[in-house]
Amino acid sequence: MKKSIYYGEYIQLNKLLDAQKPLSQIHEENLFIIVHQSFELWFKQILFDLDSIIAIFSQKKIKEKDLQLIITRLNRIILIQKLLFPKFDILETMSPMEFLEFRDLLMPASGFQSIQFREVEIKLGLRKDLRFRVGGESILSRFKEGDQKYLLKLETQTSLLEQLEKWLERTPFLSVEKFDFWKSYKKIVFEMLKSDEDYIKKNPTISEHQKVTELQNIKNIRATFDLLINEKETKGKLSKKAQISALFILLYREEPILHLPYRILSCLMDVEENFRAFRLRHALLAQRMLGTKIGTGGSSGHEYLKKTVDTSNIFNDLLDLSTFLIPKSKLPKLPKELKTKMGFAYDL
Ligand code: HEM
């Protein structure tokens, strides 16, 4: 006979509820532990979904229905990320002075050593050469030896960023007979930049000083654009080929065949934004709790955390592609056969 399932046993409630072991008698320490534990549980779910997304992306050919599954799971990750922000609000009901009552007991432990957080970073695509260092040392130096080995090994495995790059590089439709997308697109962009330049030069309300700045800005955009179109490689984390495909998807997102790829790119931009927002929110929490004091993990505290907001990004290239977007009305027209190919096909 099948053993009847009992709620508390099924979700291992005893283990979960027996896992809060404060080091002090301070009332707030219980909250401190529970908030950290709940973050870690959600990190676990993010990793579970992330692993499955990487596995689907790693296939040689990805079916439409699998693209939908990727979107569903990325959306779940995005919702979980959003759910994490208010937890910092709850933690801030503990005052900095109450935190100081037990903070020293925690040294040298720190969220710094969250293996799951590092796993999320690494699996998304952050590599040690991209990561911010602390006191001239790799952050891995803060982990126990076994954990260091585990994380280093993880860095040799494929990441979502790598798989995304390969998938983008396989995008069809970019070069089709009788249609040179890049030639027409480049012409339009340069015309737009020229008209912006003329507007600035002729506008009497813009001061001479401001004109110099604005014109330099346009020059920089043109240089970035040249880099994307004419140079062999760009400075980004994604290859030039992958970036160009992503741009094509963003520009022609309304073509039916690009709906799902566009949603994937859009989800990844959300993941990136939320990750950065998480880092910033956490940095502000650290500032509120510690001011300019160093962290229990030995970093410069708020200063260190603030820097990671800009240095530890992963899908930044996708956000930067907005530099090259143009008004919909100016998009080069796709040839009829290509448009048909990119439309929905019905078996009539
Ligand atoms: C009173 C509350 C908190 C304070 C004052 C605080 C402070 C800090 C500081 C100063 C660091 C930098 C490393 C160090 O020197 O220790 C850090 C890192 C970190 N903390 Fe917190 N933290 C708090 C709560 C949390 C919570 C609730 C989480 C959720 C899991 C968390 C996760 C992390 C992570 C993942 C890092 C590494 C960030 C990175 O290197 O990019 N912290 N924390």
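Atoms within each ligand, like the ligands themselves, are counted from 1 in listed order.
Residue-ligand proximity, His36 to ligand 1, at heavy-atom distances under 4.0 Å covers atoms 24 (C), 25 (C), 26 (C), 27 (C), 28 (C), 42 (N). Applying the 4.0 Å criterion to heavy atoms of Met94 picks out, from ligand 1, the atoms 1 (C). Near Phe32, with a cut-off below 4.0 Å to any heavy atom, the atoms of ligand 1 are 1 (C), 2 (C). Remark: ligand 1 atoms within the under-4.0 Å shell around heavy atoms of Tyr304 are 12 (C), 39 (C), 40 (O), 41 (O). If you number the atoms of ligand 1 from 1 as listed, the ones under 4.0 Å from a heavy atom of Gly301 come out as 10 (C).
Residue Gln68 comes nearest to Leu260 through the heavy atom pair OE1-CD2, 3.5 Å, listed as atom of the first residue, atom of the second, then distance.
Using a 4.0 Å cut-off between charged nitrogen and carboxylate oxygen, Glu155 and Arg118 do not count as a salt-bridge pair.
At a 3.5 angstrom cut-off on N or O pairs, Phe39 does not count as close to ligand 1. Any N or O atom pair closer than 3.5 Å counts here, and Glu121 shares no such pair with ligand 1.
In this structure, Glu101 and Met94 have side chains that are not in contact, with every pair of non-hydrogen atoms separated by 4.5 Å or more. Under the 4.5 Å side-chain criterion, counting only non-hydrogen atoms from C-beta, Thr171 is not in contact with Pro261. Taking 4.5 Å as the limit, some side-chain heavy atom of Asp89 sits within range of a side-chain heavy atom of Arg281.
Residue contacts with ligand 1 for Ile294 are absent, since no atom lies close enough (heavy atoms, distance under 4.0 Å).
Residue nearest to atom 37 (C) of ligand 1, selected from Lys293, Arg118, His302: Arg118 (by heavy-atom distance).
At a 4.0 Å cut-off, not a single heavy atom of Ile139 sits close enough to ligand 1 to count as contact. Every heavy atom of Arg103 sits 4.0 Å or more from the atoms of ligand 1.
Linking ILVMFWY side-chain heavy atoms closer than 4.5 Å, directly or via other members, places Leu105 and Val35 in a single hydrophobic cluster. Using a 4.5 Å cut-off between side-chain heavy atoms of Ile, Leu, Val, Met, Phe, Trp and Tyr, with links allowed through other members, Leu91 and Leu23 fall into the same hydrophobic cluster. The hydrophobic cluster containing Ile257 also contains Leu69, counting ILVMFWY residues as joined when their side-chain heavy atoms lie under 4.5 angstrom apart, directly or transitively.
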Before you tell me yes or no, could you show the steps for Glu121 and Arg279 under salt bridge (charged side-chain N to carboxylate O under 4.0 Å, His left out), namely the whole-Å CA-CA distance, both residues' side-chain angles and the distance that decides it to 0.1 Å?
CA-CA 12 Å; Glu121 286 185 329; Arg279 292 185 194 278; 2.8 Å; yes
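The backbone N or O of Asp317 sits nowhere less than 3.5 Å from a side-chain atom of Gln243 that would complete a donor-acceptor pair.
Protein heavy atom nearest atom 12 (C) of ligand 1, with residue, atom name and distance: Ser299 OG, 3.3 Å. For atom 41 (O) of ligand 1, the closest non-hydrogen atom of the protein is Arg279 NH1, 3.2 Å.
Using a 3.5 Å distance cut-off with no hydrogens or angles, the side chains of Asn203 and Lys211 do not pair a donor with an acceptor.
Sorted by chain and number, the protein atoms of type N, O or S within less than 2.8 Å of atom 21 (Fe) of ligand 1 are His282 NE2.
Of the listed residues (Glu303, Lys293, His282, His302), just one forms a side-chain contact (heavy atoms from CB on, under 4.5 Å) with Gln287, and that residue is His302.
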